Every structure is written in C-alpha cells, then in structure tokens.
There are 2 protein chains.
Amino acid sequence: MSLDHALLVSLLEKPSSGYELARRFDKSIGHFWHATHQQIYKVLARMEEAGWIESEVHRGETAPDRKVFAVTPAGRSALAEWITEPSPIDRARSELMIKFRAAAFDDPRKLLPALAEHRAEHGTLLAAYRANEAKEFSGHDRPLSPQQELQYQVMKLGIAFEETWIAWCDETQALIHRIAPTPSATATKETS
Amino acid sequence: MSLDHALLVSLLEKPSSGYELARRFDKSIGHFWHATHQQIYKVLARMEEAGWIESEVHRGETAPDRKVFAVTPAGRSALAEWITEPSPIDRARSELMIKFRAAAFDDPRKLLPALAEHRAEHGTLLAAYRANEAKEFSGHDRPLSPQQELQYQVMKLGIAFEETWIAWCDETQALIHRIAPTPSATATKETS
DNA sequence: TGTTGCAATGCAATTTGTTGCATAGTAAGA
DNA sequence: TCTTACTATGCAACAAATTGCATTGCAACA
C-alpha cells in the first residue's frame with residue numbers, strides 16, 4: 001500500500017500528529033496523495049504496531065492532547081526498500097472527464113458550472129503552490145541543497161499539472177460557447 | 001460511484017462485452033478511468049440488474065461467446081442526471097512522486113531506472129494518443145461535429161498530461177545527474 | 001499430443017477507502 | 001449560558017478495488 005509510505009515520508013519530513021497529517025493530506029499541496037483522517041488514524045495504528053513509527057503524547061495545557069508520530073529506523077529502511085520496488089504508472093482518473101465524454105451525447109452547456117468550479121479550484125491550488133515555491137525555494141542567498149532541489153522538482157510537477165488544467169478549462173469553456181452558444185451569449189453577441 | 005458511469009459512457013460510445021471494456025480500460029487511452037476485468041464484470045452485473053444496460057449473447061462460431069452490453073434509455077437518463085451533480089476536484093495521486101519525496105532522504109539515483117521506465121511508458125501512451133488523434137480527428141474534409149470536438153477536447157487533456165510527464169521526466173533525469181552524479185557518468189564526463 | 005497463449009467470463013477473499021457517527025475539550029460570540 | 005466552531009482521536013459499517021484463482025474453448029507450435 002502506498003498510503004503507508006506516503007505517511008512515512010510525510011513524517012520523515014516532519015513528525016506530526018494524525019490530525020496534522022490529515023490536514024496536509026486533505027489540502028494535498030505538493031503531496032500527490034490524499035486520505036481522510038479516519039484512514040490515516042487506521043494506517044498510523046497499523047504502522048506503529050509494525051514498529052515503523054513511534055508516538056509520543058504531547059500534553060496540551062490548553063489544546064487537546066496530541067499523539068505525535070516519528071519514523072523509526074525500521075520505518076526508514078522499509079521506505080528505502082520500497083523505493084527500489086517497481087512502481088506502476090499512475091493513471092489519471094477524472095470524473096470530470098467522464099462527464100465530458102457523457103456530455104458529448106447530451107448538452108455540454110450543462111457542464112459550464114462544473115467547469116468554472118474546477119477552473120477556480122485549480123487556480124487556488126496553483127496560487128498555493130506558487131506561494132510555497134516563493135517561500136521555500138526561491139529568494140535565498142545560498143543555492144538549494146540536493147534535498148531541496150528534489151522536493152522542488154516534485155512540486156514543479158504539481159505546478160505543471162495545475163497549469164495544464166487551467167489552460168484546458170479556459171480552452172474548453174471557449175469551445176463550449178462556440179459549439180453550443182447559450183441564448184444569452186448569442187444575445188450579447190448580437191446586441192454588441 | 002464513477003466506474004458505473006465511466007462504463008455507461010464507454011458503452012454509449014460503443015456497445016461492448018466485459019472483456020472489450022476491460023481491455024480499453026486497461027490501456028486507458030483517453031479514458032481517464034481504470035478498472036480490472038473482475039471489477040468490470042461485477043459492475044456490469046449490477047447495472048444490468050438495475051436496468052441501466054441490457055445484454056445480448058453473441059454466439060461465436062470460432063471464438064468464445066460474448067455477452068454484449070448496450071445502454072438502455074434508463075441508463076441514458078441516469079447518466080444525464082449524473083452529469084449535473086457536482087463533481088469534486090480530482091486529486092493527482094502518484095506513487096512515483098512519493099518515492100521522489102522519500103528519495104530526498106536517501107539516494108535519488110535509485111530512482112533512475114523507475115524514471116526511465118515511466119518516461120518510456122508515457123512516451124508510448126503519447127504516441128498512442130497521437131495515432132488516435134490523426135485517425136479520428138484530423139485530415140478530414142469536413143469540420144468536426146460538436147460531438148467530435150468534445151471528444152477531441154477530452155483527448156487533448158490526456159495529451160497535455162503525457163507531454164507534461166515526459167518533460168518532467170527528462171528534466172528530472174538531468175537534475176539527478178547534476179546533484180548526484182553516478183561514478184560512470186562522472187568518468188564519462190572526465191574522459192570526454 | 002501436450003504445452004503455451006489468448007479470448008472470454010466469473011467467484012471469493014482480502015485490502016483499501018469512504019461515510020457516518022461518537023467523544024471530549026477549548027474558545028469565541030450571541 | 002447556549003450555540004457554534006475548531007482541535008484531536010477514533011470506531012463501525014459499508015462500498016470499492018485488488019489479488020488470486022478457476023473454467024472453457026480455440027489456435028498455434030513443437
């Protein structure tokens with residue numbers, strides 16, 4: 001399973017509680033994986049059982065107690081072993097794309113709202129990436145360390161995907177207006 | 001569930017047997033979804049039960065019998081209803097990216113073989129897309145129908161993603177050689 | 001004639017992932 | 001004070017997906 005390893009990496013980058021991991025994985029900025037808190041707690045329990053991680057309870061005077069997990073040497077070597085295993089190609093899955101294929105047999109204008117939403121969400125994601133990029137990887141005096149370069153490289157793929165999405169959304173919106181003009185759009189065109 | 005609808009669309013585009021669907025979904029050319037045959041047979045059975053699709057057994061004289069499914073009017077309207085439902089943003093999931101994040105704490109050179117494999121597979125996929133593009137969407141006298149334009153637009157996103165992947169793989173390979181030169185690469189450089 | 005491989009369909013067991021709910025404390029505001 | 005919202009953890013039930021196996025029939029090849 002990959003969630004195990006995704007969590008291990010995240011914990012390697014920064015020891016955290018399940019709650020923190022859940023928030024990071026929910027936003028999924030630069031993580032390339034996603035999970036809900038229920039799943040995360042389950043996997044953390046399993047990995048602690050297996051000795052890949054260990055926890056320390058941080059008593060919060062004001063906040064609730066937090067169970068902070070850190071990767072053990074055993075976890076580290078499990079990870080090291082895992083990266084040498086062959087990894088299958090990751091298939092893009094997109095519900096929106098299925099809807100577009102379906103809309104080819106129906107009215108594509110029905111998808112304009114969804115398209116606008118996706119465009120907005122990808123825009124937000126890209127902005128978040130850009131902010132992170134500026135904060136962590138540029139404007140420093142020193143050149144980036146090899147570790148940072150790699151982390152940056154992963155982020156770059158995320159950025160490239162968001163840009164691809166955004167360009168596609170814009171193109172597609174224009175296409176729909178061209179092939180299936182809405183009455184109001186037609187009216188606007190005619191009265192202008 | 002989306003697999004139901006992905007199969008419905010696929011059957012709308014072309015009535016097929018479970019086996020055919022499995023092959024198409026396995027190659028995942030322009031499909032944006034994926035499933036194994038076991039899962040597909042299960043979902044087909046469920047959808048036939050629900051009246052969304054109906055089957056006709058084609059006796060093969062030489063080949064084995066095929067159970068060919070086609071979408072019913074009920075299935076069609078289920079699809080029409082589904083496309084108006086809000087669709088959550090699709091999160092990119094990539095095992096390879098997790099491995100890169102892990103490799104930042106280990107030796108990134110370990111990922112060079114996996115990187116080359118991914119590069120090759122995305123290259124193959126892109127070539128398949130391009131071949132399909134040429135066959136179905138260009139070189140025709142007539143301009144594309146609105147339906148074709150939409151199908152082409154979906155394919156374009158697939159193409160864009162493959163191109164993004166390929167460019168990233170190439171960049172990353174160069175990066176790894178730069179930050180963690182292999183002994184042989186260094187030797188090559190020094191002797192050249 | 002046996003073996004390998006492919007087309008075609010499916011069951012069963014297991015693992016992953018989702019949905020719904022529960023609990024408990026803090027903090028802020030109506 | 002009551003309600004709302006957020007931090008923090010988790011269980012249980014269910015749905016979806018994967019893995020492993022099984023069967024039948026044909027075709028090609030040694």
Side-chain angles (χ1 to χ4, degrees), chain A residues 1-8 11 15-28 31-50 53 55-69 85-93 95 98, chain B residues 1-8 11 15-28 31-50 53 55-69 85-93 95 98:
Chain A
M1 217 238 301
S2 280
L3 179 55
D4 298 51
H5 302 99
L7 290 175
L8 275 182
L11 291 177
S16 317
S17 66
Y19 188 81
E20 285 174 297
L21 287 169
R23 305 197 87 216
R24 277 194 265 158
F25 271 67
D26 209 42
K27 283 181 191 160
S28 108
H31 282 278
F32 283 103
W33 210 265
H34 160 258
T36 58
H37 79 268
Q38 290 89 339
Q39 205 187 339
I40 287 169
Y41 283 118
K42 220 185 292 175
V43 171
L44 285 175
R46 190 207 301 159
M47 289 202 295
E48 190 171 26
E49 184 82 14
I53 56 176
S55 63
E56 198 183 322
V57 176
H58 288 209
R59 297 241 158 267
E61 285 120 53
T62 161
D65 294 354
R66 296 165 61 246
K67 215 162 143 189
V68 176
F69 292 90
E85 281 171 24
S87 41
I89 191 168
D90 312 289
R91 300 157 201 276
R93 270 196 174 188
E95 201 173 301
I98 306 295
Chain B
M1 217 239 299
S2 281
L3 179 56
D4 298 50
H5 302 98
L7 290 176
L8 275 182
L11 291 177
S16 317
S17 67
Y19 189 79
E20 284 175 298
L21 287 169
R23 305 198 88 218
R24 277 194 264 158
F25 270 66
D26 211 42
K27 284 183 191 158
S28 109
H31 282 280
F32 285 104
W33 209 265
H34 161 258
T36 59
H37 78 269
Q38 291 88 340
Q39 207 187 338
I40 287 169
Y41 284 119
K42 218 185 293 174
V43 171
L44 285 175
R46 191 207 299 157
M47 290 201 295
E48 189 171 26
E49 182 83 14
I53 56 177
S55 62
E56 198 183 322
V57 176
H58 287 210
R59 298 239 157 268
E61 284 120 51
T62 163
D65 294 355
R66 296 164 62 246
K67 215 164 143 189
V68 176
F69 293 90
E85 280 171 25
S87 41
I89 191 168
D90 313 289
R91 299 158 202 275
R93 269 196 175 189
E95 201 172 299
I98 306 296

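Within every chain, numbering begins at 1; the chains are lettered A, B, ... in the order of the sequence lines, protein sequences first and strands thereafter. The shown structure was predicted, so the numbers you read here are calculated from the model rather than taken from an experiment.
- Judged by distance alone, the side chains of R24(A) and S16(A) do bring a donor and an acceptor atom under 3.5 Å apart.
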Exercise. Spell out protein contact along nucleotides 9-16 of chain D as letters: B when the base is contacted, S when just the sugar-phosphate is, - when no protein heavy atom is under 4.0 Å; keep the 5' to 3' order.
Key: BBB-B--S
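- R24(B) has its CZ atom 13 Å from the P atom of dA8(C), to the nearest Å.
- Contact between H34(A) and F25(A) at its shortest, heavy atoms only, is CD2-O, 3.4 Å.
- With both pairing distances under 3.5 Å, dA30(D) is matched to dT1(C) as a Watson-Crick or G-U wobble pair.
- Sorted by first and then second residue, the salt bridge (Lys or Arg N to Asp or Glu O under 4.0 Å) pairs with a member in residues 33-43 of chain A form an empty list; sequence neighbours excluded.
- Taking atom CG on L44(A) and atom P on dA8(D), their separation rounds to 14 Å, with Å as the unit.
- Taking atom CD of E48(B) as the reference point, atom C1' of dT9(C) lies 13 Å away to the nearest angstrom.
- Every salt bridge (Lys or Arg N to Asp or Glu O under 4.0 Å) that D4(B) has, sequence neighbours left out, goes to R46(B).
- Rounded to the nearest 0.5 angstrom, L21(A) CG and L11(A) CG are separated by 5.0 Å.
- Taking the six-membered ring for Trp, Y19(A) and H37(A) have ring centres at least 6.0 Å apart.
- Between H34(A) atom NE2 and dG17(C) atom P the separation is 11 Å, expressed in whole Å.
- Look at CD1 on I40(A): it is 15 Å from P on dT16(C), rounded to the nearest Å.
- As a whole-Å value, the separation of L21(B) CG from dA8(C) C1' is 13 Å.
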